[in-house]
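Below is one structure; the comments refer to it alone.
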2 protein chains.
Amino acid sequence: MFRLASGIWVKDKTQNQDEGSSHRRSPRADAQRNLDALLQAAKAVFAVAGVDAPVRDIAERAGVGIGTVYRHFPQRADLIAAVCRQEMDACADAAQRLAAEHEPFDALADWLQLYAGFVATKRGLAKALHSGDPAFEALPARFEQRLRPAFRALVESARAAGAVRTDFDADEILSAVASLCMSARDDKPDHARRMVALLVDGLRHGARSSTSDGLP
Amino acid sequence: MFRLASGIWVKDKTQNQDEGSSHRRSPRADAQRNLDALLQAAKAVFAVAGVDAPVRDIAERAGVGIGTVYRHFPQRADLIAAVCRQEMDACADAAQRLAAEHEPFDALADWLQLYAGFVATKRGLAKALHSGDPAFEALPARFEQRLRPAFRALVESARAAGAVRTDFDADEILSAVASLCMSARDDKPDHARRMVALLVDGLRHGARSSTSDGLP
DNA sequence: ACCTGAACACCGTTCAAGT
DNA sequence: ACCTGAACACCGTTCAAGT
C-alpha cells in the first residue's frame, strides 16, 4: 500500500503478505479486502446506474460501512478516478495488441471504436476526466502516460503509411470521441459507433465516400 | 397564459392586459412579471454556472420566493426545458436566414457551427434533451417541429446540389454535434468548432483532404 | 390566484466511538 | 490501524399560512 499525491491508496504488489511480523508496513488483510471489494462494487454500480450513483449504494454492495469508503477515497470523485485508472490501463494494453495485429489505419479505427465503447459503458467518466475537478488531477498523468501515447503511436503509424491526413491533433480526436460516446442513448446502441466511423472517415487521407464503407 | 401537456405555463400573446374585468382569465400582473423574471434569471444563471445551478440561486436572482419557482415549473427540469425551448426557436430562425444567404453546403456547415456554439454555451442542455427524463417529453416535439426540419432542409438542399454524401442520417448528425459540444472545455474554446468542422468534412461528397480547408 | 419560507427527504461528507 | 454509523450541510421539493 502506498499513497499517491492525489490521496488515493493503491495496492503495492511487490510486498509479501505475512501478517505476524510486528514491524510497521503491510496493510491489514481486512483493509485490503475492503479496498478491492470497493473498486469492484463501484465498477459494477457505475455500469448500471452511472457515475452519479449514491455512495451508500456502493458501500452496501461492497458490504462495508460508508465511513470505510471515505477512508479509502477522501472524496466521491476519488473513487471514480480510481475506477477510471483501472479501465484506462486495460484500454492502453489493447492498443498495443491491435497495433501488432492489424494494418495501421485499421488499428487506429478499431482502437477508437474500442475506446468509444469503453467510454460509453461508464457514462460520465470521460466528462469527469476533462472537467476541471481537482480530484481528477492525478488522472491526466495516467492518461498521458498510457492512453495518449498509445493513440499517438497508432496515429503516427497511420501517418507513416500515408493513410491519414496530417492537419489534426491526436488529443483532440480522443476527447472528441469521448464526447461523442458520453451521451449515447440506450435505445440507439450503435449511434456512437456510426458517428465515430464518420469522424474516422474524416481523418482518412484522400477518403473516398462514394461507397458506404464503414456505415452500414 | 395556457398550460402545456408538460405542465409548463406559457405566455399567451393574443390576449390583452386589462386588469379591471372581474371575469375569469388574464394572469395577474405580478405572476406574469415573475415568470418573465424567472426565465431571464434562469438563462443567465445557467450560462455561468451550468444547468446544475441551485434553484435557490435562480429564485434569488429573479427576486422571488423559492415556492414561486415551483408554482411555475413543477420540477427543476421544467425550468430547464422552458429555457431550452426559447433557445431552440432562436436557433431555428437562424437556419432559414442562412439558407437564404449562402450556398447549400456552406449554409449547412455554418448552421452546425451555430448550433454547436449554442449548445456549448448552455452546458448540459443537450444532454437533458437526449436523456430519457420524463420532464423533457414536450421538448422533442418542439425540437422536431423546429430544429429538425430546419436542419433537414439544409441537408436536402446540400444533397440536391450533390455537395454531401447520402448515407448518413440528419438526426444523428444533430445529436453527434450536440455531444461534441457538451463537454467543450473553457481553456480550449474552439475545440468544438474544429471537431464539428472535421465531422462536416466527413459529410462532404468526395471530400478532398490534402488542403487544410476548414481546419486552421 | 398567487406568493412565501419553514420543513422534509435525500445524498455527500465528517467524526466520535468502537475493535 | 481500521471500521462503523449517527450526525451535519446542502439542495430539490412540498405545503400550510399568508395577501
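Residue numbers begin at 1 in each chain, while the letters A, B, ... track the order of the sequences.
Partners of A:Y70 by ring pair (Phe, Tyr, Trp, His ring centres under 6.0 Å), not counting sequence neighbours: none found. For the side chain to side chain contact (heavy atoms under 4.5 Å, CB included) test, residues two or more places apart in sequence or in another chain that qualify with A:A99 are A:L154. Under the side chain to side chain donor-acceptor pair (under 3.5 Å) criterion, A:D93 pairs with A:R146, sequence neighbours left out. For A:F105, there are no ring pair (Phe, Tyr, Trp, His ring centres under 6.0 Å) partners, not counting sequence neighbours. Qualifying side chain to side chain donor-acceptor pair (under 3.5 Å) partners for A:R159, counting only residues two or more places apart in sequence or in other chains: none. Remark: A:D89 engages A:R142 in a side chain to side chain donor-acceptor pair (under 3.5 Å) (not counting sequence neighbours). Remark: A:R56 engages no residue in a side chain to side chain donor-acceptor pair (under 3.5 Å) (not counting sequence neighbours).
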With the sugar-phosphate defined as primed atoms, P, OP1 and OP2, and the base as all remaining atoms, what B/S/- string results for nucleotides 12-19 of chain C, 5' to 3', for protein heavy atoms under 4.0 Å? BBB-----
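Proximity of A:L198 to B:R165: side-chain heavy atoms (C-beta onward) are separated by under 4.5 Å at one or more points.
Atoms CZ (A:R33) and C1' (D:dA1) sit 14 Å apart, rounded to a whole Å. The distance between atom CG of A:L35 and atom P of D:dA1, rounded to the nearest whole Å, is 18 Å. Atom CG of B:N34 and atom P of C:dA1 are 17 Å apart (whole Å). Spacing between atom CZ of A:R71 and atom C1' of D:dT4 amounts to 11 Å, rounded to whole angstrom units. We find that CD of B:E60 is positioned 14 Å from C1' of D:dC11, with the value rounded to whole Å.
Here A:H72 does not reach the OP1 or OP2 of D:dC2: none of its side-chain N or O atoms lies under 4.0 Å away.
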Treat a base pair as Watson-Crick or G-U wobble with both distances under 3.5 Å, then lay out DNA chain D in dot-bracket form, 5' to 3', with | for cross-strand pairs. ||.|||||...|||||.||
